Amino acid sequence: MALQKPSIPKGTRDFGPVEMSKRNYIFNTIKKVFQHHGYSQIETPAMENLDTLLGKYGDEGDKLLFKILNSGDFFDGVDPLELRQSGSNTASLKICEKGLRYDLTVPFARFVVQHQHEIEFPFKRYQIQPVWRADRPQKGRYREFYQCDADVVGSDSLLNEADLISIIDEVFQQLDIRVKIKLNNRKILAGIAGYIGQPDKITAITVAIDKLDKIGTEAVFQELQLKGVSVQGIYKLEPLLALSGNNTDRLDSLRKILATDTTGIKGIDEATHLLGILDTLKLKSEVEFDISLARGLNYYTGTIIEVKAQEAEIGSICGGGRYDDLTGIFGLKNISGVGISFGADRIFDVLEQLNRFPAGAMESSRVLFANFGEKEALHCLTLLPLLYKAGIAAEIYPDAAKLKKQMAYADARHIHYMVLVGENEMNEGNLTIKNMVTGEQFKASPEELIKLAGC
RNA sequence: GUGGUCGUAGCUCAGUUGGUUAGAGCGCCAGAUUGUGGCUCUGGAGGUCGCCGGUUCGAACCCGGUCUUCCACCCCA
């Protein structure tokens, strides 16, 4: 067999020990905050039935689904002629019944409906798992990446939104990333679409104005025209996008403009109420009400949340929102949910860029016993359990290699203490401890080692 | 899905109009130092120039295809 060059699929990555330490630092931080706020963990399978996934993310989303070819003879019972004529998209549905999950929210909705009788509502769950998108990779954009989701279903109280936003605030506080939390409300966007007389164009309008700060007002108007929004509509839209003042000012102005639109007013009420709650929470992060925030996912119906890193140029690192009827499609009506999703991989990129991983994020042993030979090694092996019992990560170098090599190994792995027990130490009944950071070296007892390495 | 871009040592990258034996820094290994890492010095190993094909007396260099990387759209964490 010809030697084959090993490789992994486009848009996927391997993670080495150093990267995993750093990733675990992110996951652990997020996980801990989720748990403190009373969320319980669940997991769902990597693959879902395709009909669970299809139609939940819009046409674009459907295209980005990875589909899994049926096992066995997938052509069995399929008319080849019909297959050929139906086009590759439709054809794929005839030979694939499963797909890789695209996010964690839809599988969660499925989970809630399927297990509704075992669940205590309101149900607060968190989930940290990879998702897959058949997108074209770019920086900060992968085909396999992790999402860290927290959702509350079965309660439409805005306290849930506030709780999730304070989670966001806490997580980024702990990770030492300065962020801006942007808020909007889908009902306001619907109200705007109604106000300018084109409620049917809500998607086109939201997608277009979402690009406002990126491409500017002119380009947004051009795109709107292209999408069939009338000139009068755009004329009415203009002052809305130009609103100024603080969050409250802008909401108040909006309230006057959208006065006759009940949906719009409801959205404004929600946003105002939420901002009021957040005010009393005294968050560390800046919270901004932003009318141009749209977010693509079709299922959002109320609050929309997006988080941007202040110090790094990267897409959003966390997003979320309220969806009133996600479970409805699976047969469970009147269950409202709200959730957020941290993009762990982008957060990784931000921390890497800002060099903000703490030194302690490097997981490694704290103590390395040098190996001077069989007899000495056995002696060290009897000491190791003492360290383990004290919760200290420790190991012995497996080979009686040159000390130089063993020390270089400790150095490379950032091991803090090297313990030397050779013939002399064994006879004297003590240890030589070398601090690999300061370089100082001294004799001590095992108890002193534990005391030293333990803190 | 559309348009572009990149690929040379483990890593970051040089490599002249196509011309003999493809280089550097870092890293790695060994020695200077038989129980002492980092710093220094000396030496060494390491290459299908992404892959396949074409043009040519001759290709890392030119052409086509393909895979990968990154970028702009689209969309998104």
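So you know, we letter chains A, B, ... as the sequences are listed, proteins then strands, and number each from 1. All values reported here derive from a predicted model rather than from experimental measurement.
Other residues, nucleotides and ligands contribute over 12 non-hydrogen atoms within 6.0 Å of the NZ atom of A/Lys443. Atom CD1 of A/Ile329 is surrounded by 12 or fewer heavy atoms from other residues, nucleotides or ligands within 6.0 Å.
When the C1' atom is used for both B/A72 and B/C62, the distance is 28 Å, rounded to whole Å. Taking the P atoms as reference points, B/C76 lies 28 Å from B/U5, given to the whole Å. Taking atom P on both nucleotides, B/G47 is separated from B/A22 by 12 Å, rounded to a whole Å. Atom C1' of B/A9 sits at a distance of 14 Å from the matching atom of B/G44, rounded to the whole Å. Using atom C1' as the reference point in both B/C74 and B/G58, the two lie 46 Å apart (nearest Å). When the P atom is used for both B/G25 and B/U21, the distance is 23 Å, rounded to whole Å. Spacing between B/A45 and B/C26 at atom C1', rounded to whole Å, works out to 16 Å. Spacing of P atoms, B/U69 relative to B/G27, comes out at 28 Å, to the nearest Å.
If A/Phe145 and A/Pro137 are placed on RNA chain B by their nearest nucleotide, the residue sitting closer to the 5' end is A/Pro137. Comparing A/Lys10 and A/Phe342 along RNA chain B, the residue whose closest nucleotide (by nearest heavy atom) sits nearer the 5' end is A/Lys10.
At whole-Å resolution of the value, CG in A/Leu64 and P in B/G1 are 10 Å apart. Rounded to whole angstrom, the span from the CG atom of A/Asp14 across to the P atom of B/C11 amounts to 13 Å. Between the CG atom of A/Leu226 and the C1' atom of B/C74 there is a distance of 14 Å, rounded to whole Å. When rounded to the nearest whole Å, the span between CD of A/Gln127 and C1' of B/A77 equals 15 Å. One interatomic measurement links the two molecules: CG of A/Leu293 to C1' of B/C76, which rounds to 13 Å at whole-angstrom precision. The separation between A/Lys139 atom NZ and B/U68 atom C1' is 15 Å, rounded to whole Å. Whole-Å rounding puts the A/Asp149 CG to B/A77 P distance at 10 Å. In this entry the distance linking NZ of A/Lys182 with P of B/A77 reads 14 Å, nearest Å.
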Margin query: As a quick check of understanding, evaluate side chain to side chain donor-acceptor pair (under 3.5 Å) for A/Glu425 and A/Asn430, giving each step before the final call.
Written below: CA-CA 5 Å; A/Glu425 286 84 355; A/Asn430 56 19; over 6 Å; no
Note to self: Apply side chain to side chain contact (heavy atoms under 4.5 Å, CB included) to residues A/Arg101 and A/Thr44 and explain how you reach the verdict.
What the structure shows: CA-CA 9 Å; A/Arg101 61 165 168 257; A/Thr44 62; 3.5 Å; yes
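Among the atoms of the strands shown, none is found under 4.0 Å from any heavy atom of A/Gly320. Contact annotation for A/Ser341: no contact, since no heavy-atom pair falls under 4.0 Å across all strands. At a threshold of 4.0 angstrom between heavy atoms, the contacts of A/Lys308 with the nucleic acid are absent. Within the nucleic acid shown, A/Tyr142 comes within 4.0 Å of at least one base atom, counting heavy atoms only. Here A/Gln138 lies in heavy-atom contact (under 4.0 Å) with a base. A/Gly140 comes within contact range of at least one nucleobase, with a heavy-atom separation under 4.0 Å.
Relative ring orientation between A/Tyr397 and A/Tyr409 is described as perpendicular, the plane-to-plane angle rising above 60° on a 0-90° scale split at 30° and 60°. Using cut-offs of 30° and 60° on the angle between ring planes, the pair A/Tyr146 and A/Phe27 is tilted.
Counted by atom type alone, A/Glu395 and A/Ser365 present one or more donor-acceptor pairs between their side chains at under 3.5 Å. For the residue pair A/Tyr39/A/Asp163, the side-chain donor-acceptor check at 3.5 Å is satisfied.
On a pure distance criterion of 3.5 Å, no polar donor-acceptor pair joins the side chain of A/Arg136 and the base of B/C71.
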Please enumerate all protein N or O atoms sitting under 3.5 Å from an N or O of nucleotides 30-39 of chain B, with distances to 0.1 Å.
residue, atom, partner, partner atom, Å
B/G31, OP1, A/Lys402, NZ, 2.5
B/G31, OP2, A/Lys402, NZ, 3.2
B/G35, O6, A/Asn424, ND2, 3.3
B/G35, O6, A/Glu425, OE1, 3.2
B/G35, N1, A/Glu425, OE1, 3.0
B/G35, N1, A/Glu425, OE2, 3.1
B/G35, N2, A/Glu425, OE2, 3.0
B/U36, O2, A/Lys434, NZ, 2.9
B/U36, O2, A/Gln441, OE1, 3.1
B/U36, N3, A/Gln441, OE1, 2.6
B/U36, N3, A/Gln441, NE2, 2.9
B/U36, O4, A/Gln441, NE2, 2.3
B/G37, O2', A/Asp411, OD2, 3.4
B/G37, N1, A/Met436, O, 2.6
B/G37, N2, A/Asp411, OD1, 2.6
B/G37, N2, A/Met436, O, 2.3
B/G37, N3, A/Asp411, OD1, 3.2
B/G38, O4', A/Asp411, OD2, 3.3
B/G38, N2, A/Val437, O, 3.2

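In this structure, the nucleotide among B/C70, B/C74, B/C76 sitting nearest to the side chain of A/Arg133 is B/C76.
Under the Watson-Crick or G-U wobble criterion, with both distances below 3.5 Å, B/C62 is paired with B/G54.
Contact annotation: A/Lys63 side-chain N/O to B/G1 OP1/OP2 distance is not under 4.0 Å.
Distance check: A/Leu449 CG to A/Thr432 OG1 gives 11.5 Å after rounding to the nearest 0.5 Å.
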